[in-house]
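Values below: all heavy atoms of this structure, side chains included; hydrogens, waters and symmetry mates excluded.
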Amino acid sequence: MNNYFDFIGIGIGPFNLGLAALTHGKAGLSGIFFDNNAEFEWHPGMMLDNTTLQVPFLADLVTMADPCNPFSFLNYQKMNNRIYKFYIKEDFFILRKEYNMYCKWVCRQLPECIFGHTVEAITFDQKENLYTVIVKKNNTEKESIYRTPRLVIGTGTSPSIPAFVKNQKLDNTFHTSEYLFRKKDILKQKSITIIGSGQSAAEIFHDLLNSISFEEQELNWYTRPDRLFPLEYSKLTLELTSPEYVDHFYSLPPDKRTDVLNKQGMLYKGINYDLINEIYDTLYHLTLEGPVPVSIKPSHELKAITTSVLNKKLLSFKHVQTDQDTELETDAIILATGYKYRVPDCIRPVHDRIKWDKSGRFDVNRNYSIDYKGNEIFVQNAELHTHGFVTPDLGMGAYRNATIINAIAGKEIYAIEKQIAFQSFTTSAMEVLNESVI
């Protein structure tokens, strides 16, 4: 059958790119991947100098599932004559730019990764028991049809912008994902305000501390949490990224999952510890000769943005602890308001084949499938509410992909660790500990 594949991937971010790398050349696992972008780019608007991943380099596309895979980060370094430089550098946390270059290197070797193509719609052929994927080539508008028994949706998350902002046309107001594209214009503004408390907000604040002229400009940082908290990265805490913790979290009732997740912000929403210290040290140096126009205000929730009589943006806040209302005039606003998963339009024709929860989200099975049969449609980074805070973690990408690959193949292609933690997240703690030691 023409254009038939064992599975088709929609979207080519790091997770589906890892899936392509792990299935490349494997018998019975022929796949093709489509992405509407012209080429692979990983958060280009936040590719700041000297910023690193928040996970070690072993969290590359393949190593945690297949350490001998030719698409590993170490092999990328070897093939580019940089492995000794990397060895001497002695740093587990690679530069974000370097990670992007590594992913591009992998893309160039995988002809099954097709960029510049948009998946228009996916339907199901009851007679042939196959999914029909309609794909349009962006620069020619030409459509092609592909068929497959299985799909892997890896369309990623999109910038989350408050509705009261999205519904207005505000100049010099944008999400952090656009920062580097808008930085030149931002540096012309007299007053710049950052909204949000996570890593992106901290990186931009630090970058602006070193970029603007405080003789002519002011910088504000408003956050809803009561403090700027570091990402918790202790070793026993990291065991919560283990397969058995995912098993435990998945076994909880939906309401309990939500409650647990709401208390785990420090595990995936925090700021790099070193960056927090760098910000403090920079502020210390800046204030050696007197105060500078920098304001950091936690416990402030943004409620509205309007335009003042001076044609500035007027921000309205409520202090979450005192309930007091305050306002701030500013020339530019940078929204560090995170990302949110959105169901891609192309799968709406197969809506009835997908399991949905009461909130209209995917009801994701333990093996990352979302269809009623449990082995046809899989998702990447869309299961935060069912599998927990490890969902967007690059370090768990290879584990998830190994699980999906084994489900697609119907047999074990990659060995999957079931127990790696010293801790037990159920009641049989001693049994698990003993098994870990044996």
*Given the rule in the side chain to side chain contact (heavy atoms under 4.5 Å, CB included) test, do Leu22 and Leu29 qualify, once you have shown the distances and angles that lead to the verdict?*
CA-CA 10 Å; Leu22 287 167; Leu29 287 170; over 6 Å; no
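- For the residue pair Asp207/Tyr179, the side-chain donor-acceptor check at 3.5 Å is satisfied.
- Looking at Asp331 and Lys188, no side-chain N of the basic residue comes within less than 4.0 Å of a carboxylate O on the acidic one, giving no salt bridge.
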*Stepwise ring pair (Phe, Tyr, Trp, His ring centres under 6.0 Å) test for Phe7 and Phe33*: CA-CA 9 Å; Phe7 69 94; Phe33 299 76; 5.6 Å; yes
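- Between Gln264 and Glu232, the side chains place no donor N or O within less than 3.5 Å of an acceptor N or O (distance only, hydrogens not considered).
- Defined by atom type and a distance below 3.5 Å, a donor-acceptor pair is missing between the side-chain atoms of Asn272 and Gln199.
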_Between Ile212 and Leu219, does the side chain to side chain contact (heavy atoms under 4.5 Å, CB included) criterion hold? Intermediate values first, please._
CA-CA 9 Å; Ile212 67 176; Leu219 180 60; 3.9 Å; yes
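- Around atom NZ of Lys104, more than 12 heavy atoms belonging to other residues, nucleotides or ligands sit under 6.0 Å away.
- For the pair Arg147 and Phe5, the NZ or CZ position fails the cation-pi test of under 6.0 Å to the six-membered ring centre and within 45 degrees of the ring normal.
- In terms of modelled atom types and a separation under 3.5 Å, the side chain of Arg400 and the main chain of Thr391 share a donor-acceptor contact.
- Within a 6.0 Å sphere centred on CG of Asn139, other residues, nucleotides and ligands contribute more than 12 heavy atoms.
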*asked:* Run Phe86 and Phe73 through ring pair (Phe, Tyr, Trp, His ring centres under 6.0 Å) and show every step you take.
replied: CA-CA 11 Å; Phe86 182 67; Phe73 176 76; 5.3 Å; yes
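- Under the side-chain hydrogen bond (donor to acceptor under 3.5 Å, both in side chains) criterion, Thr337 pairs with no residue at all, not counting sequence neighbours.
- Between the side chains of Asp255 and Thr258, no donor N or O sits under 3.5 Å from an acceptor N or O.
- For the residue pair Gln380 / Asn16, a side-chain donor-acceptor distance below 3.5 Å is found, with atom types taken as modelled.
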_As a quick check of understanding, evaluate ring pair (Phe, Tyr, Trp, His ring centres under 6.0 Å) for Tyr76 and Tyr102, giving each step before the final call._
CA-CA 7 Å; Tyr76 160 74; Tyr102 156 65; 5.7 Å; yes
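- Ser30 and Asp6 are linked by a side-chain donor-acceptor pair at a separation below 3.5 angstrom, with hydrogens and angles left out of the test.
- No side-chain heavy atom of Arg361 sits under 4.5 Å from any side-chain heavy atom of Trp356.
- Considering Glu327, Lys313, Glu329 as possible partners of Ser308, the one that fulfils the side-chain contact (heavy atoms from CB on, under 4.5 Å) test is Glu329.
- Side-chain atoms of Tyr414 and Asp66, non-hydrogen and from C-beta on, do get closer than 4.5 Å to each other.
- Side-chain polar atoms of Thr193 and Thr330 form a donor-acceptor pair below 3.5 angstrom.
- Around CG of Asn262, the count of heavy atoms belonging to other residues, nucleotides or ligands within 6.0 Å exceeds 12.
- In the displayed structure, Met79 atom CE is contacted under 6.0 Å by more than 12 heavy atoms of other residues, nucleotides or ligands.
- Using a 4.5 Å cut-off on side-chain heavy atoms (C-beta onward), Tyr99 and Pro14 make contact.
- In this structure, Lys78 places its NZ atom where only 12 or fewer heavy-atom neighbours from other residues, nucleotides or ligands lie under 6.0 Å away.
- Around the CE atom of Met64, the shell of radius 6.0 Å holds no more than 12 heavy atoms that belong to other residues, nucleotides or ligands.
- Look at Lys137 and Glu143 and you find no salt bridge, because none of the NZ, NE, NH1 or NH2 atoms lies under 4.0 Å from a carboxylate O.
- Checked by atom type, the side-chain pair Asn3/Ser144 shows no donor-acceptor distance below 3.5 Å.
- The pair Glu301-Arg224 meets the salt-bridge criterion, since a charged nitrogen lies less than 4.0 angstrom from a carboxylate oxygen.
- Applying the 6.0 Å contact sphere to CG of Asn210 captures more than 12 heavy atoms from other residues, nucleotides or ligands.
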*Can you check side chain to side chain donor-acceptor pair (under 3.5 Å) on Glu376 and Tyr131, steps first, answer last?*
CA-CA 9 Å; Glu376 291 183 356; Tyr131 290 93; 2.6 Å; yes
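- Taking 4.0 Å as the cut-off between side-chain N and carboxylate O, Arg366 and Glu383 do not count as a salt-bridged pair.
- At a cut-off of 3.5 Å, with distance as the only test, a side-chain donor of Asn365 or Lys355 sits close to an acceptor on the other residue.
- Taking the side chain as every heavy atom from C-beta outward, Asp49 and Lys97 approach each other to under 4.5 Å.
- Under 4.0 Å is where a charged nitrogen must lie from a carboxylate oxygen, and between Lys89 and Asp91 at least one such pair does.
- His319 and His300 have perpendicular rings, their planes meeting at more than 60° on a 0 to 90° scale where under 30° would count as parallel.
- Classification of the Tyr222-Phe317 ring pair by plane angle, with boundaries at 30° and 60°, yields parallel.
- Environment of OH in Tyr233: crowded, with over 12 heavy atoms of neighbouring residues, nucleotides or ligands closer than 6.0 Å.
- Relative orientation of the Phe71 and Trp105 rings is perpendicular, given thresholds of 30° and 60° on the angle between their planes.
- By the 30° and 60° cut-offs, the orientation of the rings of Phe34 relative to His117 is tilted.
- Checking Glu244 against Gln419 by side-chain atom types alone, no donor-acceptor pair falls below 3.5 Å.
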